[in-house]
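The structure under discussion appears below in the form of C-alpha cells.
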Amino acid sequence: MTEALAHRTIETVWRMESARIIAGLMRLVGDVGTAEDLAQDAMLSALQKWPSSGIPDNPGAWLMAAARRRAIDLLRSGSLHERKHAELGYEIDSQERDFTRDVDAALDNPVGDDILRLVFITCHPVLSREARVALTLRLLGGLTTEEIARAFLTPAPTVAQRIVRARKKLADSSVAFELPATEDLKDRMSSVLEVIYLIFNEGYSATHGDDWVRPALCEDALRLGRVLAGISPDDAEVHGLVALMELQASRLRARVGSRGKAVLLLDQDRSRWDQLLIRRGLASLDRATSLDASGAYTLQASIAACHARAIEASDTDWPRIAGLYGQLAEIMPSAIVELNRAVAVGMAFGPEPALDLVDRLVEEGSLGEYHLLPAVRGDLLMKLGRQPEAAEEFRKAMSLTRNERERELLAERIEQGR
C-alpha cells in the first residue's frame, strides 16, 4: 500500500470516528484537551504503522483500541490514576484486571449521549462564541483548522489560537462532563444549534478537498439535532434546524453525478431526492411553525421547503423565497444572507435588480475572500450577456475555492461563455 493511500484512509476514518473516540476518552480522563491528545496519539500511531502493515479490516476499532491503551497507561500513572480509582470506589491496589475491565467498559460502551455531552462542554458559556464553534467543529466534526477557518472566513492561525485557548479555559474551569441542568439548557442551545448546523454544512458542501459532499458529517449533525429535539420538544428552533437539515439532506444523492461531479440545485434529478427525509423535514417544520415561525432556522427551513415542494425546478416559488430571505435578513443581518437573497431576487425578478444587490456587497467588502460572491456575480453577468466580465468573475471564484469539484463547475461556466 502506498503511503498516500494510507494517509487518505486514515483521514477518512478519523473524520468518522474521532468524535466517538474523544467522547469516550473524555468520560474517562475528564479533560477535553487530554482526550483529544490521546485520540491524536492513536491517529499518529496509525500514520506510522498502516503504510507498512496495511489498513486493518476495522480501522475504527483499531484506533479505538490504540486510544484505549493510551488511556490505560495514563490512568495507571500518578494522581489521575488515584482519582479515577477513588471515583470508581477502588483501593489503589485493586486487581489490575478489574481496573482495565472498567476502562474497557467505558470505552466500549455505546456512546449514547456522550457526544451530546461533549457538544455542550465545547459550547460552555466560559468560552467565547468563536471558541465554542471552533472547538466543537474540531472535536465533533473532525474538521481541520484550515476547514474551520474557511467556514468562518478567518485566518487559520487565529482559529488555531482559539482552539488552544478554549482547551485551556475548559481545563482551568473544571467543566464537568455532563448535560447542563434544565434551567441552563435554553441559554446554551443557540450556540449548540449553530455548531451542529456548521458541521452539517461542511458535509453538505465541503470547503476543501476532492469531494463535493461528505454525507457522514451530515448524518452526525442530523443525529445530534434529533437528540436535541427529543430533549427539548418545545423549542421551535431545534425543530426548525432539524427540518432544515432533513430537507437539505434529502438532496444529497442528487448533488453528486457520475465520477463525483457536482450537480447544482436547478440541474438536479429530483426523482433522486429522498422522499422520506422530505416528509420528515416537512413534519419537523410543521412542529417548529406551530411553536414559533419567526426563528432563523425555521425561516431557512421554510426556504428549503419551497424547493422540496417543487416537482420541477420551474415550479419553485422564487418570490416567496426572496421574501423569506428578506425576513431572515431582518433578524439575522448577514452579508451571506444578502447574497442568497440576491440569488432569489435574480430568479424571481431578473438579473438586473439582483446584480445591483451583489454590487453593493462587493463595495461593502466583507465577502472579499468568499468564492460564491464572484460566482454569483458571474452567473448574473452571463444572464445579461456580458460574457467576458462573467468569465473574469468565474476565474476569481476559482482562485478562492479549495474544493476541486467547485473548480470544475466554474471552469465549465467559463467554457459555456466562450
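From a predicted model like this one, the values you see are computed outputs, not experimental measurements.
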Could you check Glu146 against Thr144 for side chain to side chain donor-acceptor pair (under 3.5 Å), going step by step and ending with a plain yes or no?
CA-CA 5 Å; Glu146 182 183 56; Thr144 66; 5.0 Å; no

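For the side-chain hydrogen bond (donor to acceptor under 3.5 Å, both in side chains) test, no residue two or more places apart in sequence or in another chain qualifies with Asn58. Evaluation of the side-chain hydrogen bond (donor to acceptor under 3.5 Å, both in side chains) rule for Arg309 yields no partner, not counting sequence neighbours.
Considering CG of Leu266 and OG1 of Thr316, their distance stands at 7.0 Å, rounded to 0.5 Å. Here OG of Ser334 is found 12.0 Å from CZ of Arg341. Values are rounded to the nearest 0.5 Å. Distance check, rounded to the nearest 0.5 Å: CG of Asp317 to SG of Cys306 gives 5.5 Å.
Taking the six-membered ring where the residue is Trp, the centroids of Trp318 and His307 are separated by under 6.0 Å.
Here Asp359 pairs with Arg377 in a salt bridge; the nearest charged N to carboxylate O distance falls below 4.0 Å. Under a 4.0 Å N-O distance rule, the pair Asp73/Arg69 does not qualify as a salt bridge. Residues Arg167 and Glu36 are paired through a salt bridge, judged by an N-O separation under 4.0 Å between the basic side chain and the carboxylate. One finds a salt bridge joining Lys261 and Glu412 here, because a Lys/Arg side-chain nitrogen approaches an Asp/Glu carboxylate oxygen to under 4.0 Å.
The number of heavy atoms from other shown groups lying within 6.0 Å of CG (Leu276) is above 12. The 12-atom threshold is not exceeded at CG of Asp57, counting heavy atoms of other residues, nucleotides or ligands nearer than 6.0 Å. The 12-atom threshold is exceeded at CZ of Arg270, counting heavy atoms of other residues, nucleotides or ligands nearer than 6.0 Å. By the 6.0 Å contact criterion, CD on Glu352 is open, its count of non-hydrogen atoms from other residues, nucleotides or ligands being 12 or less. Within a 6.0 Å radius of NZ in Lys383, other residues, nucleotides and ligands contribute more than 12 heavy atoms.
Of the residues listed (Val133, Leu222, Leu137), the one engaging Ile199 in a side chain to side chain contact (heavy atoms under 4.5 Å, CB included) is Leu137, and it is the only one. Screening Gln387, Arg386, Glu392, Glu393 for a side chain to side chain contact (heavy atoms under 4.5 Å, CB included) involving Glu389 leaves a single residue, Arg386.
Nearest heavy atom pair, residue Trp62 against residue Ala42, reads CZ3-O, 3.8 Å. For the residue pair Trp273 and Ala308, the shortest heavy atom distance occurs at CZ3-CA, 3.9 Å. Between Ala249 and Phe200, the shortest heavy-atom distance links the atoms N-CZ, 3.8 Å.
Annotation: side chain to side chain donor-acceptor pair (under 3.5 Å) contacts involving residues 228-248, sequence neighbours excluded, comprise Tyr197-Gln248, Arg226-Glu246, Asp234-Arg287, Glu237-Thr298, Glu246-Arg280, Glu246-Ser284.
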